[in-house]
2 protein chains.
Amino acid sequence: MPHLNLSADVVTLTEQLVNIESVSHHEAAIADAVEAALRTLPHLDVTRRGHTIVARTTLGLGERVVVAGHLDTVPPNDNLPARREDTAEGGILHGLGTCDMKGGDAVMLKLAADVTDPNRDLTFIFYEAEEVDSEHNGLRKLTVSDPDLVAADFAILMEPSNAAVEAGCQGTMRVDVRTTGERAHSARSWKGVNAIHLASPILARLNDYVAREPEIDGLRYHEGLNATGIRGGVAGNVIPDECVVEVNFRFAPDRSEADAEAFVRDFFEGYDVTVTDLAAGAMPGLDRPAAKAFVEAVGGEVAPKFGWTDVAQFTTLGVPAVNFGPGDPMFAHKQDEHVPIEHIERCERMLKQWLGGQA
Amino acid sequence: MPHLNLSADVVTLTEQLVNIESVSHHEAAIADAVEAALRTLPHLDVTRRGHTIVARTTLGLGERVVVAGHLDTVPPNDNLPARREDTAEGGILHGLGTCDMKGGDAVMLKLAADVTDPNRDLTFIFYEAEEVDSEHNGLRKLTVSDPDLVAADFAILMEPSNAAVEAGCQGTMRVDVRTTGERAHSARSWKGVNAIHLASPILARLNDYVAREPEIDGLRYHEGLNATGIRGGVAGNVIPDECVVEVNFRFAPDRSEADAEAFVRDFFEGYDVTVTDLAAGAMPGLDRPAAKAFVEAVGGEVAPKFGWTDVAQFTTLGVPAVNFGPGDPMFAHKQDEHVPIEHIERCERMLKQWLGGQA
């Protein structure tokens, strides 16, 4: 089993986490390593559900804060293992998951190990399957199986946000848009109906899409409608009778789930549309007292969050929550994913200060 | 092992062959059954290469005729097992492979069993992997490994041709047409380039394609250009960086392989095109004496062959060859594939008469 060294510095710990490959649905190894490391810390109660690990203080303090991060990544793209680079602007750590979000996970592990006498009770949640359909999401499952473990006065998600506060999040919906034709031998193609050719207008509409960019609570969001997959074909000499375009709609938090679905069904009018995944966004929520207090404590500007994050899960539970983690989210899921080392160190320092640990 | 009963009538034998599933690359079971049946016939020398079975008379007669058929089918489409239907126009046998081409294979088995004293030496070739890339084609492999087994004065392919003579065949080429984009997180899609969206003009061009229908030796051919597959996508929240459209071009026999490739590269100008499979067609060849003699003997009209068939393999070897088999090729590879029982019986009767057996 890979070993995590909690006495190493936060950047070394990030490297160790990155080098344990953990594509969604394959988080056993990293969850084992995280669990083993946390179980060495006597001030924490550790619970495991699937590949989701929860570690809590139970000091009976007046306030409880959740700090959460997912352990999974998208598939590798020739970007493992981790690699350090020194640049004029400072050190950088390259590799899959450096930004989304093992830098944040490493900060959580350091907080868990070093803040043994916090000013607020702490709940650390390391969870599985954030990068796939929301039905698999480890945090979502935990809110159903063990709501007491998720309860808190405030939540901080370590999702990449340039080590600054990003508020709210956009929603996400996945649909399959399907065409149906008729099979025939490709040597007599005029006797069939080619379902892939029928998908041409679907791609044309996607090409013509213009994104809405609404301003909400002073923050400018940015929607997106994209094919993330396409499949069709029976054999090399058969006119195919089905083609499926998998579409992902990212929508601003002023749309409800129902609004988002109505928009997509109208956009693909005339086609067979099946919703396969739908998760609402979260309004910025900067008017909540706990959110205000944290933002003031870390002294930061606030930006909108474009990606869907589990901020929305906490919003549903009535827990105010913000995103605050190392890394520029623009590099999440890209071949050249990386994180500035200064971001990781800054998040660790600011959170330790706020939670009353040694910074 | 499934058993084939050579003393059954040709239609029952067709049913037995249909009910041995034999999708390309999975022909072991049917080849075993055919081999075992042929080895019970003392007047034939049987040779096996992979899942290709050759059975020959060696009577030293003045002329040798090859009768050939492939054993594989396209994938099932809820159309197995075989099912008989009586209609006002006569009996029909439904099911995958009834038309393409186990009716023809059954005729070959009946000729092998019953024409024990032929007026020409006979070579029966039952071969694998005709429905996939030509590199796997069992007949093609045999021409390389055992050219003596393929040598003949004339060849008859039992490919479906309405129990009439279909001359020549169209060529076939497969290409991958590829787009390349840049991955990004789908929540910030404007930072990537969507390779699936880039494929939109490829499908638009295919939709606008108008088929050429040239007349050659009095026969009207009909070309076709079709997507037979499409694939793209990395994960549900990633803007994909690659999309591949698999295209099949069926071209009339007046085009060379080079002409066909030039046409397709020009058609998809601006895109990355990779040729994955290319097999030339065959000119009708009705001016060849052996072809003329057979056509006269069976007294039939001659039509053009749209599908690529191994007529082209024989043309390359200098052996005149025609298509002559039961079934309407329009129903090959379709969900409702079927063959008129009368076609199977007529092919058996006419070939037995021509070869000097008991009709």
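Lettering of chains follows the sequences in order, A, B, ..., and the numbering in each one begins at 1.
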* Enter the distance from B/Phe306:CZ to A/His185:NE2 here, rounded to the nearest 0.5 Å. => 12.5 Å

* Might you point out which heavy atoms bring B/Ala187 and A/Gln170 nearest each other, and give the distance in Å? => O-NE2, 4.2 Å

* Relative to each other, are the rings of B/Trp190 and A/His222 parallel, tilted or perpendicular (30° and 60° limits)? -> parallel

* Determine the minimum heavy-atom distance between A/Thr228 and B/Ser186, stating which atoms define it. => CG2-CB, 4.4 Å

* Can you tell which of B/Ala199, B/Ala184, B/Pro75, B/Ala235 has the highest number of heavy-atom pairs within less than 4.5 Å of chain A? -> B/Ala184

* Asked: For A/Asp133, is it the side chain, the backbone, both or neither that has a heavy atom under 4.5 Å from a heavy atom of chain B?
  -> neither

* To do: Sort B/Val74 into side chain, backbone, both or neither according to what part of it lies under 4.5 angstrom from a heavy atom of chain A.
  => side chain

* Where on B/Cys169 is there a heavy atom nearer than 4.5 Å to chain A: the side chain, the backbone, both, or neither? -> neither

* To do: With a 4.5 angstrom heavy-atom cut-off, could you sort out which part of B/Arg183 is near chain A: side chain, backbone, both or neither?
  => both

* To do: Search all heavy atoms of A/Gly224 against all heavy atoms of B/Ser189 and return the closest pair with its distance.
  => CA-OG, 4.0 Å

* What are the two closest heavy atoms between B/Ala227 and A/Ile196, and how far apart are they? -> CB-CG2, 3.6 Å

* **Gap separating the CG atom of A/Asn226 from the CG atom of B/Asn194, nearest 0.5 angstrom** => 5.0 Å

* Measure B/Glu246 against the heavy atoms of chain A and call it side chain, backbone, both or neither at under 4.5 Å. => neither

* Side chain / backbone / both / neither for A/Ile239 at chain B, heavy atoms under 4.5 Å -> side chain

* Interface moiety of B/Ile202 toward chain A, non-hydrogen atoms closer than 4.5 Å -> neither

* Of all the residues in residues 329-338 of chain A, which have a heavy atom that comes within less than 4.5 Å of a heavy atom in chain B? -> A/Pro329, A/Met330, A/Ala332, A/His333, A/Lys334

* Under a 4.5 Å heavy-atom cutoff, which of B/Pro201, B/Gly229, B/Gly236 has the most pairs with chain A? -> B/Gly236

* Structure fact -> Pair count under 4.5 Å, heavy atoms only, with chain A: among B/Asp100, B/Val238, B/Thr172, B/Leu225, highest is B/Val238

* **Contact winner vs chain B - A/Ile230, A/Asp277, A/Asn77, A/Val234, heavy-atom pairs under 4.5 Å** => A/Ile230

* Inter-residue atom distance A/His197.NE2 - B/Leu203.CG, 0.5 Å rounding -> 7.0 Å

* To do: Kindly give the heavy-atom pair with the smallest separation between A/Asn237 and B/Asn248, and that separation in Å.
  => CA-OD1, 4.3 Å

